[in-house]
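First up is the structure itself, then whatever we jot down about it.
Each chain gets a letter, A, B and so on, in the order the sequences are listed, and its residues count up from 1.
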2 protein chains.
Amino acid sequence: MGRMPTFLGQYTYTLDEKGRVSLPAPFRREAEEQRFVLLQVHPPALALYPESAWREVEDRLRGVLRNDPDARYWVLRVMSSAVEVVPDSQGRILIPSRLQDCAHLSGQVLMVGVIDKVELWNPSEFEGAVEGKEGDFARYAPQIFR
Amino acid sequence: MGRMPTFLGQYTYTLDEKGRVSLPAPFRREAEEQRFVLLQVHPPALALYPESAWREVEDRLRGVLRNDPDARYWVLRVMSSAVEVVPDSQGRILIPSRLQDCAHLSGQVLMVGVIDKVELWNPSEFEGAVEGKEGDFARYAPQIFR
DNA sequence: GAGGCAGTGGGGAATAGTGGGGATCCAGGC
DNA sequence: GCCTGGATCCCCACTATTCCCCACTGCCTC
């Protein structure tokens, strides 16, 4: 098996009237495979997993179900929000309107590469979520960028 | 895999109208690999990691995400500032305008080799950041240059 | 003095993002 | 049963950006 695709960077693209967004070319190149899974993991963001990374998530879900019966409904909820998406010949993916609503997407979509997945955000909500996190640099940077 | 590249010294080069800077030839020779990751670690400086060093950072980021859910937004912030950059055939890298703004870069860029990465500074801000730190010599030098 | 390397500048071609047309399929209504 | 409206999918087309390459200059070496 090849190296797992990894993602980084941010791109803001338009969500057209048909509910499509272009997947940034670097992301497309990274995941030369075709299929992705799109779902809501950390609301309000959507998460887009390339197939290979999704399989690992699936394994972990199986594990949780085995060890913790209370997780059943949570797993149901997560899985029911998921869709398999395949880029069209122009490299765009279709975001079902149900998921657009969950993530408050319209007009512009911010796509952020976060290691093994891509997160889709309403641009201003993302701004609000990460602003004021400069203080955390002192907390985390020494152990990460040592 | 070969030895990790290490960098030292400072070079001031021009940022041209297309947003490109030449990577100093010694740095290029050191990292004969092609790809780098450019991001904002300690504002206002930018950090340029050769691919091999970046992979280690990425592993540590994965770890922090797993162990400390509070780190999520900080990781998002860091990853969203990142870009993969590849020197062109003249050995220049392109600095996206978003990052130029973050680091207040224009005209001249100061590139400092700091062990496993290269930092990019606005020359006068660098001046301000390190000035008045002479006293620290007495504090650190004995244990380092013993 | 000639050759090579390094930094800088710029132009042309391939690519990426975006919009939209048209065919196919399904559901509902007449 | 047939027609109609809507949704989905697939492909074509336009344009601005990006990137790739060629070219110039100064310096250092041989």
Side-chain angles (χ1 to χ4, degrees), chain A residues 5 7-38 46 48 50 82-101 105-113 118 120-123, chain B residues 5 7-38 48 51 80 82-101 105-113 118 120-123:
Chain A
F7 308 96
L8 52 81
Q10 64 171 47
Y11 302 84
T12 303
Y13 287 159
T14 70
L15 181 69
D16 70 19
E17 299 200 348
K18 295 184 176 180
R20 302 173 297 184
V21 251
S22 287
L23 211 48
F27 293 173
R28 253 182 282 156
R29 269 191 288 271
E30 191 63 27
E32 74 247 359
E33 24 167 344
Q34 294 293 322
R35 297 154 56 181
F36 293 83
V37 171
L38 179 67
L46 300 181
L48 182 72
V83 214
E84 179 173 320
V85 294
V86 181
D88 68 17
S89 56
Q90 273 66 43
R92 289 173 292 199
I93 56 169
L94 178 72
I95 304 183
S97 55
R98 173 173 50 84
L99 288 177
Q100 289 179 39
D101 295 344
L105 300 181
S106 72
Q108 299 289 101
V109 179
L110 177 67
M111 316 182 75
V112 183
V118 177
L120 281 68
W121 283 81
N122 172 317
Chain B
F7 310 97
L8 54 82
Q10 64 167 305
Y11 302 84
T12 304
Y13 287 159
T14 71
L15 182 70
D16 70 20
E17 298 201 348
K18 292 185 174 180
R20 301 174 297 186
V21 250
S22 287
L23 212 48
F27 293 173
R28 250 182 284 156
R29 270 189 288 273
E30 189 63 25
E32 75 244 1
E33 24 167 344
Q34 295 294 320
R35 296 154 56 180
F36 293 83
V37 171
L38 180 66
L48 182 71
E51 196 185 8
S80 71
V83 217
E84 180 172 320
V85 295
V86 181
D88 67 16
S89 55
Q90 274 65 41
R92 289 172 294 198
I93 57 168
L94 179 72
I95 304 183
S97 55
R98 172 171 52 83
L99 287 177
Q100 289 178 38
D101 295 344
L105 300 180
S106 72
Q108 298 290 101
V109 179
L110 175 66
M111 316 182 76
V112 186
V118 177
L120 281 68
W121 284 81
N122 172 317

### Query
Is a side-chain donor or acceptor of Glu84(B) paired with a backbone partner of Leu8(A) at a separation under 3.5 angstrom?
no

### Query
When rounded to the nearest 0.5 angstrom, what is the spacing between CD in Glu30(B) and CZ in Phe7(B)?
6.0 Å

### Query
Between Val83(A) and Pro96(A), what is the shortest heavy-atom contact and its length?
CG2-CG, 3.8 Å

### Message
Below 4.0 angstrom, which residues in residues 8-17 of chain B have at least one non-hydrogen atom near DNA chain C?
### Response
Tyr13(B), Thr14(B), Asp16(B)

### Message
Show, in sequence, the C-alpha distance, side-chain angles and deciding distance for Arg98(B) and Gln10(A), and conclude whether the side chain to side chain contact (heavy atoms under 4.5 Å, CB included) test is met.
### Response
CA-CA 10 Å; Arg98(B) 172 171 52 83; Gln10(A) 64 171 47; 3.2 Å; yes

## Note on the structure
Correct closest heavy-atom pair for Leu15(A) and Ser106(A) would be CD2-CA, 4.0 Å

### Task
Show your working on side chain to side chain contact (heavy atoms under 4.5 Å, CB included) between Leu120(B) and Leu99(B) and close with a plain yes or no.
CA-CA 11 Å; Leu120(B) 281 68; Leu99(B) 287 177; over 6 Å; no

### Task
Using a 4.0 Å heavy-atom cut-off, write out nucleotides 13-30 of chain D from 5' to 3' as B (base contacted by protein), S (sugar-phosphate only) or - (no contact).
------BBBBB-------

### Query
Step by step, would you call Leu23(A) with Leu48(A) a side chain to side chain contact (heavy atoms under 4.5 Å, CB included)?
CA-CA 10 Å; Leu23(A) 211 48; Leu48(A) 182 72; 3.6 Å; yes

### Message
Using a 4.0 Å cut-off to any heavy atom of chain B, which nucleotides of DNA chain C are the first and last in contact, reading 5' to 3'?
### Response
dA6(C) to dG11(C)

#### Entry: Considering all heavy atoms, the nearest Tyr11(A)-Pro26(A) contact
OH-CG, 3.2 Å

### Message
Looking at Glu51(B), is its backbone amide N or carbonyl O close enough to the side chain of Arg35(B) to form a donor-acceptor pair, meaning the two atoms are under 3.5 Å apart?
### Response
no

### Query
Which atoms form the tightest heavy-atom contact between Phe36(A) and Ala31(A), and what is the distance?
CZ-CB, 3.7 Å

